[in-house]
Amino acid sequence: MLTSVAPRVESLASSGIQSIPKEYIRPQEELTSIGNVFEDEKKKEGPQVPTIDLKEIDSEDKEVRERCRQELNKAAMEWGVMHLVNHGISDELMDRVRKAGQKFFELSVEEKEKYANDQASGKIQGYGSKLANNASGQLEWEDYFFHLVYPEEKRDLSIWPKTPSDYTEVTSEYARQLRALASKILSALSLCLGLEEGRLEKEVGGLEELLLQMKINYYPKCPQPELALGVEAHTDVSALTFILHNMVPGLQLFYEGKWITAKCVPNSIIMHIGDTIEILSNGKYKSILHRGLVNKEKVRISWAVFCEPPKEKIILKPLPETVSETEPPLYPPRTFAQHIQHKLFRKNQDALSK
């Protein structure tokens, strides 16, 4: 039986349509909050996503080091998202990662289809677009390329882009350096929670089991950006998520009851605390609700790397040290796979009740 496949969003966008298909139009209650992303980004007033300078995170000076950790701790508690600067990954490497991903997406759709995933058969790595698998049947204005990038022995290089020729080399080096950055962040957060330095790292799978999954999100220009979303509102299930982008705004965070547009900070990496760390910290660190807007003028590309614990091997629950009589556990014990299923179930229930 042939199943109908929604066209790639890139093909739709370049077909010259003036209005978007109804599957991409957001529900009425969402539309009121979707504005012009370029105007939103220019706003000076109101809360701003914090920028955290990591230069002193390993300083020899105990006080200087502690101050840096406490700033990271505050941002993780209050926002759960931040721009990291002086993170130790060179501008040159980040530029090469961006160029490689951009070159892949500049290939024709026919060429990219050779890397297509097949979600129905469980083959999730590769080139894809969102299928209307949720109860509301809604689609998002994006195509993507998804693949596991670390640990190296768990990669399937056969599905990685062959064009450009340096794609594998550049992406692998970036993944190695991000993995080291993840360890550094997890150490600092462990200490701030009063745990041993290596504790959070161990709880999310350690060097052998923590998976780094890269998703390159490609958001084509949209003829009616006020009606669509590139990515609908969600929290990340990961432990941590690291994001590079091509300096086109789009990320919005739901903070204190309002959607806040993240500024584009040069040479920064955006970092989210995911559900996994929120659960382990018993809610002390926040996994913030966020979404992606689209626009008429510029293609937006982002490179998200999700650091995820193994699906079945670890039971996620608040660590004993984060729980007390006055702060009982806020989350029941679940494997990572069960957590994902639970979120999906809740989302479908919500959609059906509307």
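Residues take their numbers from the sequence shown, with the count starting at 1.
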Peer 1: Using a 4.5 Å cut-off on heavy atoms from C-beta on, say whether the side chain of Leu251 contacts that of His272.
Peer 2: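 They are in contact (side-chain heavy atoms under 4.5 Å apart), so the answer is yes.
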Peer 1: Do Trp259 and Val37 sit in one hydrophobic cluster, given that two such residues count as connected whenever their side-chain heavy atoms are within less than 4.5 Å of each other, even indirectly?
Peer 2: no
Peer 1: Would you say Arg199 and Ser190 are linked by a side-chain donor-acceptor pair, where the criterion is simply a distance under 3.5 Å?
Peer 2: no
Peer 1: Check whether any side-chain heavy atom of Thr335 sits under 4.5 Å from a side-chain heavy atom of Lys311, and report yes or no.
Peer 2: no
Peer 1: Do Ser158 and Asp156 have a side chain donor and acceptor closer than 3.5 Å?
Peer 2: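 Ser158 vs Asp156: donor-acceptor pair found between side chains.
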Peer 1: Please determine, by modelled atom types, if His290 and Asp236 share a side-chain donor-acceptor pair under 3.5 angstrom.
Peer 2: yes
Peer 1: Just checking Lys215: does its NZ atom have more than 12 heavy atoms from other residues, nucleotides or ligands closer to it than 6.0 angstrom?
Peer 2: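 Yes, the 6.0 Å shell around NZ holds more than 12 heavy atoms from other groups.
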Peer 1: Check whether any side-chain N or O of Glu226 sits under 3.5 Å from a backbone N or O of Gly35 as a donor-acceptor pair, and report yes or no.
Peer 2: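 No, Glu226 side chain to Gly35 backbone: no donor-acceptor pair under 3.5 Å.
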Peer 1: Will you find, in the side chains of Ser238 and Glu308, an N or O donor that is under 3.5 Å from an N or O acceptor?
Peer 2: no
Peer 1: Is there a side-chain contact between Pro27 and Glu30, using heavy atoms and a 4.5 Å cut-off?
Peer 2: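 A side-chain contact under 4.5 Å exists here.
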Peer 1: Verify the ring-centre separation between Tyr219 and Trp141: is it less than 6.0 angstrom?
Peer 2: no
Peer 1: Please report the C-alpha distance between Asp143 and Lys130 in whole Å, then the side-chain angles of each, then the deciding distance to 0.1 Å, and finally whether the side chain to side chain contact (heavy atoms under 4.5 Å, CB included) criterion is met.
Peer 2: CA-CA 7 Å; Asp143 300 321; Lys130 181 173 174 185; over 6 Å; no
Peer 1: Under 6.0 Å between the ring centres of Tyr127 and Phe146?
Peer 2: no
Peer 1: Report yes or no: do Ser59 and Arg69 form a side-chain donor-acceptor pair below 3.5 Å?
Peer 2: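 No pair is found: no donor N or O on one side chain lies under 3.5 Å from an acceptor on the other.
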Peer 1: Identify the two heavy atoms, one from Ser302 and one from Ile243, that lie closest to each other, and give their separation to 0.1 Å.
Peer 2: CB-CG2, 4.0 Å
Peer 1: Between His147 and Tyr167, does the ring centre distance come in under 6.0 Å?
Peer 2: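 So the answer is yes for these two rings.
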Peer 1: Are Thr235 and Lys343 linked by a side-chain donor-acceptor pair shorter than 3.5 Å?
Peer 2: yes
Peer 1: Are His342 and Arg334 close enough that a side-chain donor and a side-chain acceptor fall under 3.5 Å?
Peer 2: yes
Peer 1: Are the side chains of Arg179 and Leu207 in touch, meaning some heavy atoms are under 4.5 Å apart?
Peer 2: yes
Peer 1: Check for me, please, whether Ile288 and Leu84 land in the same ILVMFWY cluster - side-chain distances under 4.5 Å, paths through other members count.
Peer 2: no
Peer 1: Could you see if Ile273 belongs to whatever hydrophobic cluster contains Val231? Use Ile, Leu, Val, Met, Phe, Trp, Tyr and a side-chain cutoff under 4.5 Å.
Peer 2: no
Peer 1: Quick check: do Ser19 and Tyr24 have side-chain heavy atoms less than 4.5 Å from each other?
Peer 2: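 Of all side-chain heavy-atom pairs linking Tyr24 with Ser19, none is under 4.5 Å.
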Peer 1: Output yes when Lys284 and Glu278 qualify as a salt bridge under the 4.0 Å nitrogen-oxygen rule, no when they do not.
Peer 2: no
Peer 1: Minimum heavy-atom separation for Glu232 to Gln138, with atom names?
Peer 2: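 What the structure gives for the nearest pair is OE1-CB, 4.4 Å.
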Peer 1: Can you find a side-chain donor-acceptor pair between Ser183 and Glu201 that sits under 3.5 Å?
Peer 2: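 Short answer, yes.
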Peer 1: Just do the salt bridge (charged side-chain N to carboxylate O under 4.0 Å, His left out) check on Glu71 and Lys74 with the steps written out, would you?
Peer 2: CA-CA 5 Å; Glu71 283 182 15; Lys74 185 171 187 274; over 6 Å; no
Peer 1: Are the side chains of His87 and Lys184 in contact, using a 4.5 Å heavy-atom criterion?
Peer 2: no
Peer 1: Quick check: do Tyr285 and Asn73 have side-chain heavy atoms less than 4.5 Å from each other?
Peer 2: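 Side-chain contact under 4.5 Å: yes.
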Peer 1: Treat each ILVMFWY residue as a node, draw an edge where side-chain heavy atoms are under 4.5 Å apart, and state whether Phe105 and Val299 are in one component.
Peer 2: yes
Peer 1: Could you list the residues that satisfy ring pair (Phe, Tyr, Trp, His ring centres under 6.0 Å) with Tyr331, not counting sequence neighbours?
Peer 2: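 Counting only residues at least two positions away or on another chain, Tyr331 forms no ring pair (Phe, Tyr, Trp, His ring centres under 6.0 Å).
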Peer 1: Can you list the steps and then say if Gln70 with Arg67 is a side chain to side chain contact (heavy atoms under 4.5 Å, CB included)?
Peer 2: CA-CA 5 Å; Gln70 285 310 325; Arg67 199 175 316 132; 5.9 Å; no
Peer 1: Shared ILVMFWY cluster between Val149 and Phe145, side chains joined below 4.5 angstrom?
Peer 2: yes
Peer 1: Please lay out, stage by stage, how Leu227 and Ile34 fare under the test side chain to side chain contact (heavy atoms under 4.5 Å, CB included).
Peer 2: CA-CA 7 Å; Leu227 298 181; Ile34 300 175; over 6 Å; no
Peer 1: Are His245 and Ile301 packed together at the side-chain level, in the sense that at least one heavy-atom pair is separated by less than 4.5 angstrom?
Peer 2: no
Peer 1: Test side chain to side chain contact (heavy atoms under 4.5 Å, CB included) on Gln224 and Gln18; report intermediate values, then the result.
Peer 2: CA-CA 8 Å; Gln224 294 178 298; Gln18 299 301 301; over 6 Å; no
Peer 1: Report the C-alpha separation of Arg176 and Thr171 in whole Å, then their side-chain angles, then the decisive distance to 0.1 Å, and conclude whether the side-chain hydrogen bond (donor to acceptor under 3.5 Å, both in side chains) test is met.
Peer 2: CA-CA 9 Å; Arg176 278 192 287 273; Thr171 305; over 6 Å; no
